[in-house]
Amino acid sequence: MPEPLYICGATASGKSAKALELAAELDGEIVNADAFQLFRGLEIITAAPTHEDRQRVPHHLYGALDPSERIDAGRYRELALPVIKDIQSRGKTPIVTGGSGLYLKFLTHGPAPLPKGDETMRAEMEAKPLEELVAQLREIDPVEAERTDLQNRRFVSRALEICLLTGEKASELRDQWESQTAEISESLEGIWIQRPREVLHARIAERTRWMLDNGAIEEVQDIGDVSENCEKAIGFREIRALLAGEIDRATCEQQIATATRQYAKRQETWFRREKWLQAFKAL
RNA sequence: GGCUCAAUAGCUCAGUUGGUAGAGCAGCGGAUUGAAAAUCCGCGUGUCCCUGGUUCGAUCCCGGGUUGAGCCA
């Protein structure tokens with residue numbers, strides 16, 4: 001059975017083009033590993049594969065969700081696994097393509113034995129001062145408190161959430177999973193498309209301009225109700241501000257490009273740690 | 001042409017009663033297993049426009065120049 005091939009890299013690094021190329025070469029089908037290309041109706045601002053691309057090679061999990069839905073890494077894994085299995089059963093190679101590090105990690109290395117996020121509990125914690133959450137975590141699970149970034153509210157509340165939901169220590173649950181990840185990495189095959197930073201920045205600038213010239217604004221205008229999850233797509237808030245007349249077109253373009261560059265940098269930091277990925281240097 | 005003001009980090013600007021300078025943004029580095037295109041942490045990257053002078057010492061004071069803005073002609 002053909003093993004999946006993972007294609008990772010920063011946004012605008014050219015993953016989609018590489019995926020198409022490899023799909024032809026390996027008789028493969030492309031599976032999305034991008035948190036925002038999962039949503040329908042945001043094809044332009046998320047730079048999802050074009051209609052033509054999708055006709056050349058089968059694409060899966062693009063536009064699989066309604067913008068009013070929410071998703072997390074665990075659910076993504078549940079969506080992707082059967083799709084990958086199905087491709088394999090037909091003797092084709094799954095070419096998993098995307099830049100969402102956490103989602104890819106969930107897919108490749110599996111979930112730790114942790115409960116999924118609880119909206120109600122999160123809302124409650126959101127209302128509390130950070131110091132209070134930190135104090136509570138220190139009390140319940142000092143080991144986890146020690147290794148958590150205590151200035152990062154999200155990380156503190158997640159750790160606390162795990163403890164409260166399970167009645168066990170987050171530190172112990174996480175350790176169980178951590179111990180087996182190295183072994184999994186050895187069996188994986190994937191590439192990380194790298195570009196010189198200046199080239200990446202130029203590609204981002206070009207793509208941002210292209211999006212705004214080719215329907216991104218209309219796309220956001222017409223999308224309707226979107227989940228809190230979905231509206232975090234880079235470009236969404238910026239274009240909403242443009243539509244509301246709060247910023248002009250040039251500012252909008254500049255803000256989107258900046259946010260995209262910053263995101264690309266975080267992606268590279270993530271992939272740099274994934275030692276199982278093979279570097280593919282492009283110009 | 002005359003006068004006035006400005007010139008400091010990639011950008012916008014602060015500052016130094018004369019002891020070679022610091023904020024925001026950008027940028028760079030990092031963390032990150034269930035919000036991740038999220039969230040958080042760290043780092044100043046500099047002919048202080050040029051050139052003479054005064055001074056132990058000038059980015060700062062004085063003269064000249066250059067560039068830009070404004071006002072008067």
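Below, chains carry the letters A, B, ... as their sequence lines are ordered, and counting in each starts from 1.
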Is the distance from OP1 or OP2 of [N] to the nearest side-chain N or O of [X] less than 4.0 Å?
| X | N | result |
| --- | --- | --- |
| H201(A) | C28(B) | yes |
| N229(A) | A36(B) | yes |
| R158(A) | G34(B) | yes |
| Y103(A) | A36(B) | yes |
| T11(A) | A37(B) | no |
| Q262(A) | A37(B) | no |
| S100(A) | A37(B) | yes |
| R197(A) | G29(B) | yes |
| R70(A) | A35(B) | no |
| R174(A) | G34(B) | yes |

For [N] and [M], measure between their [atom1] atoms and round to the nearest Å.
| N | M | atom1 | value |
| --- | --- | --- | --- |
| G29(B) | C71(B) | P | 46 Å |
| C28(B) | A9(B) | C1' | 14 Å |
| C50(B) | G68(B) | C1' | 15 Å |
| G10(B) | G46(B) | P | 7 Å |
| A69(B) | U59(B) | C1' | 22 Å |
| A23(B) | G18(B) | C1' | 23 Å |
| G44(B) | A36(B) | C1' | 29 Å |
| U54(B) | C62(B) | C1' | 7 Å |

* Asked: Could you state the interatomic distance from CG (L114(A)) to CD1 (I162(A)), rounded to the nearest 0.5 Å?
  ->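 Between L114(A) CG and I162(A) CD1, I get 4.5 Å after rounding to 0.5 Å.
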
Please determine if [X] and [Y] form a salt bridge, counting it only when a charged side-chain N lies under 4.0 Å from a carboxylate O.
| X | Y | result |
| --- | --- | --- |
| K169(A) | E144(A) | no |
| R122(A) | D118(A) | no |
| D213(A) | R249(A) | yes |

* Asked: Under 6.0 Å from the CD atom of E139(A), do we count more than 12 heavy atoms belonging to anything else shown?
  ->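 No, the 6.0 Å shell around CD holds no more than 12 heavy atoms from other groups.
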
* **CD/E189(A): more than 12 non-hydrogen atoms of other groups inside 6.0 Å** =>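 No, the 6.0 Å shell around CD holds no more than 12 heavy atoms from other groups.
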
* Look at the side chain of D34(A) against the base of A37(B) and say whether a donor-acceptor pair falls under 3.5 Å; ignore hydrogens and angles. =>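 Flag set: donor-acceptor pair detected.
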
* Indicate, yes or no, whether a donor-acceptor pair under 3.5 Å links the base of G29(B) to the side chain of K265(A). =>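 Answer yes: a donor N or O sits under 3.5 Å from an acceptor.
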
* **Residue pair S171(A) / R147(A), side-chain donor-acceptor N/O under 3.5 Å** =>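 Side-chain D/A pair, S171(A) to R147(A): absent.
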
Just to be sure I understand the rule, does [X] reach a base, reach only the sugar-phosphate, or reach nothing, if contact means heavy atoms closer than 4.0 Å?
| X | result |
| --- | --- |
| G235(A) | nothing |
| A112(A) | base |
| T258(A) | sugar-phosphate |

Distance-only donor-acceptor pairs under 3.5 Å for side chains of residues 191-205 of chain A, two or more places apart:
from	atom 1	to	atom 2	distance (Å)
Q194(A)	OE1	K281(A)	NZ	3.0
R195(A)	NE	S13(A)	O	2.7
R195(A)	NH1	L283(A)	O	2.5
R195(A)	NH2	S13(A)	O	2.9
R197(A)	NE	E268(A)	OE1	3.4
R197(A)	NH2	E268(A)	OE1	3.3
R203(A)	NE	A12(A)	O	2.6

* Roughly how many Å is it from CH2 in W270(A) to P in A37(B), rounded to a whole number? ->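 About 9 Å, once rounded to whole Å.
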
* Asked: Under a 3.5 Å cut-off on both pairing distances, which runs of 3 or more consecutive Watson-Crick or G-U pairs involve RNA chain B?
  ->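 If one scans RNA chain B for consecutive Watson-Crick or G-U pairs, the stems found are B:1-7 with B:66-72, B:10-13 with B:22-25, B:27-31 with B:39-43, B:49-53 with B:61-65.
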
* Give the cluster check for L65(A) versus I30(A): same hydrophobic cluster or not, with ILVMFWY residues linked at side-chain heavy-atom distances below 4.5 Å. =>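 Each belongs to a different hydrophobic cluster.
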
